[in-house]
Novice: 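Mind looking over this structure? Questions follow.
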Amino acid sequence: MVTIMVCIKRRFEDQPSCAGRGSEALACRLEAEIASQALPLKVQRFPCLGLCEIGPNIKVVGGDLYHRVDEAALPAILSEALGTR
Ligand code: FES
């Protein structure tokens, strides 16, 4: 089963972070899609991928690392994780 890692680190005091840019909602959206379609994927929340300036960052394990992810990018990420892109 392929894992999709979503950085959910939140920083304070005006520091950029993935959660500060909405990554928790993206993780929930991915989980909802996976559940509703019974996809053989899982989401793992991750504390920081070290690229905070260009988040939200999402990594398909064994595949691409996506930056500045928004909801519009999620279908492509799911597609890659499923090997159907
Ligand atoms: S906060 Fe997401 S990569 Fe650091």
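Indexing begins at 1, ligand by ligand and atom by atom, following the structure's order.
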Novice: Taking 2.8 Å as the upper limit, name the protein N, O or S atoms near atom 2 (Fe) of ligand 1.
Specialist: Cys7 SG, Cys18 SG
Novice: First locate atom CD1 of Ile58, then atom CD1 of Ile8, and finally report the distance between them rounded to the nearest 0.5 Å.
Specialist: 12.0 Å
Novice: Identify the two heavy atoms, one from Leu65 and one from Asn57, that lie closest to each other, and give their separation to 0.1 Å.
Specialist: CD1-CB, 4.4 Å
Novice: Which residue in the set Leu78, Leu74, Val43, Ile77 passes side-chain contact (heavy atoms from CB on, under 4.5 Å) when paired with Glu33?
Specialist: Leu78
Novice: Considering residues at least two apart in sequence or located in another chain, which fulfil the salt bridge (Lys or Arg N to Asp or Glu O under 4.0 Å) criterion with Arg68?
Specialist: none
Novice: Would you call Arg10-Glu24 a salt bridge at under 4.0 Å N-O?
Specialist: yes
Novice: With Val2, which of Leu82, Leu41, Leu39 fulfils side-chain contact (heavy atoms from CB on, under 4.5 Å)?
Specialist: Leu41
